[in-house]
Amino acid sequence: MPGKPETSNPDARSSPRLSRSFYRRNPVAVARGLLGHRLVSQIGDARTSGLIVETEAYLGIPDKGAHTYGGRRTPRSETMWGDGGYAYVYFVYGMHHCFNVVAGRAGNPVAVLIRALEPCASEAGSGSEPSNQNLDVLFARREKAKRFTDLCSGPSKLCQALNITRDQDGEDLIEGDLLFIERARSHSLPQGSIVAGPRIGIAYAEEWQHEPLRFFLEGNPHVS
DNA sequence: AGAGTGATCATG
DNA sequence: ATGATCACTCTC
C-alpha cells in the first residue's frame with residue numbers, strides 16, 4: 001500500500017476501535033450497539049469526540065425512508081452500497097451534513113445515522129492534557145451554541161462540531177486516520193436504558209415513518 | 001411554525 | 001435543462 005504514513009496507529013495509546021465485523025451486521029444491531037461508544041474526529045487541527053447517545057437505522061432497499069429505497073444507486077449514496085465500516089456523509093437542505101456508518105456487507109445498502117453525541121470534557125485516559133480543549137473547540141466551531149446541550153444534539157450539529165463534511169464520505173472507520181469509533185472503556189451500558197422510537201424527519205416514508213428504528217439513551221439531555 | 005439554502009435526483 | 005425535494009437548524 002503506497003503512501004500509508006508510518007504514524008497510522010492512533011490506537012497505541014487509546015481504546016481499540018470497533019472492528020469491521022461489528023459493522024458488518026444488520027443495521028438495527030449496529031444502531032443499538034453503537035450507543036455509548038466514542039466517535040472521534042481528527043479532522044482539522046484538533047482531536048474532538050463525543051459519546052454516541054442517539055442513532056437511527058436505515059434498512060436499505062425495502063425501507064421507504066432510506067436513500068437506497070427500491071435499489072436506487074446514485075453518486076450520492078454510492079458508499080452505502082459498499083462494505084460496512086465506512087463513513088457515509090451526505091449534504092442536505094443546502095447547508096447541513098449528516099454522518100452515517102455503513103452497516104452490513106457490500107451489496108446490501110444499509111446504514112446507521114448518528115444523531116447525537118454527548119461531548120465529554122475528560123478523555124478517559126489519565127495522563128492526557130487538561131482536556132477542556134475538546135469542549136473549547138466544539139464551542140468555537142458551533143458558533144450559535146449557547147448551552148452545553150446545543151453542541152451535538154442533532155445530526156448536522158455534530159458534523160459541524162467535529163468538522164465532518166462530504167470530504168469524509170467513504171472514509172474507512174477501521175483503518176483511516178481522520179474518523180473512527182472507539183470502544184468505550186467501561187462499557188457497562190445497561191441494556192435497559194436504550195429506548196426505541198420512530199425516526200425523525202421522514203414524513204414522506206409512509207408506513208416506514210412509524211417503525212421504531214430510532215434508538216437513544218433514555219433521559220440523556222443531548223438527545224435531539 | 002416558517003425561512004433559509006443549494007446539492008441532488010428524477011423528469012424530459 | 002428544469003423543477004421539486006430534502007435522514008436539518010435557527011429564530012420567531
- Does a side-chain N-to-carboxylate-O contact under 4.0 Å join A/R73 and A/E78? yes
- Note on the structure: A/Y69 atom OH is separated from C/dT5 atom P, nearest whole Å, by 17 Å
- Item | Protein-nucleotide distance (A/Y204, atom OH; C/dT5, atom P), rounded to Å | 13 Å
- Take A/N100 and A/Q160, find for each the nucleotide of DNA chain C with the closest heavy atom, and name the residue whose nucleotide sits nearer the 5' end. A/N100
- Is A/K157 near enough to C/dC10 that one of its side-chain N or O atoms lies under 4.0 angstrom from OP1 or OP2? yes
- Task: Return yes if some donor-acceptor pair links the side-chain N/O of A/R47 with the main-chain N/O of A/S41 below 3.5 Å, else return no.
- Result: no
- Within the structure shown, what part of the strands sits under 4.0 Å from A/R142 by heavy-atom distance: base, sugar-phosphate, or nothing? sugar-phosphate
- Is any NZ, NE, NH1 or NH2 atom of the basic residue among A/K157 and A/E143 found under 4.0 Å from an Asp or Glu carboxylate oxygen of the other? no
- Task: Return the value, rounded to whole Å, for the distance between atom CD1 of A/I114 and atom P of C/dC8.
- Result: 14 Å
- In the 5'-to-3' direction, what one-character label does each nucleotide of nucleotides 3-12 of chain B receive under the scheme B = base within less than 4.0 Å of a protein heavy atom, S = sugar-phosphate only, - = no such atom? -BBBSSSS--
- Message: Without decimals, in angstroms, what is the distance between A/F99 CZ and C/dC8 C1'?
- Response: 17 Å
- Message: Can you tell whether the side chains of A/K64 and A/E206 come within less than 4.0 Å, N to carboxylate O?
- Response: yes
- Message: Looking at A/D63 and A/R199, is there a salt bridge between them, counting it only when a charged N and a carboxylate O are closer than 4.0 Å?
- Response: yes
- Touch class at under 4.0 angstrom, heavy-atom based, for A/G154 against every strand present: sugar-phosphate
- Query: What pattern of brackets, bars and dots sums up DNA chain C from 5' to 3', given Watson-Crick or G-U wobble pairs under 3.5 Å, [ ] for crossing pairs and | for another strand?
  - Reply: ||||||.||||.
- Task: Decide, yes or no, whether a salt bridge links A/R17 with A/D172 under the criterion of side-chain N to carboxylate O below 4.0 Å.
- Result: no
- Nearest-Å distance for atom pair CZ/P, residues A/F215 and C/dA7: 19 Å
- Query: How long is the line joining CG of A/L158 and P of C/dA7, in whole Å?
  - Reply: 17 Å
- Query: How close do A/Y58 and A/E56 get, heavy atom to heavy atom, and via which atoms?
  - Reply: OH-OE1, 2.7 Å
- Which is true for A/L113 with a 4.0 Å heavy-atom rule: it touches a base, it touches only sugar-phosphate, or it touches nothing? base
- Message: Rounded to whole Å, please give me the gap between CD1 in A/I200 and P in C/dC6.
- Response: 16 Å
- Message: Would a single hydrophobic cluster contain both A/W81 and A/V102, if residues Ile, Leu, Val, Met, Phe, Trp and Tyr are joined by side-chain heavy-atom contacts under 4.5 Å?
- Response: no
- Task: May I have the distance from A/I164 (atom CD1) to C/dC8 (atom C1'), rounded to whole angstrom?
- Result: 15 Å
- Message: Angle between ring planes, A/H97 versus A/F91, binned at 30° and 60°: parallel, tilted or perpendicular?
- Response: tilted
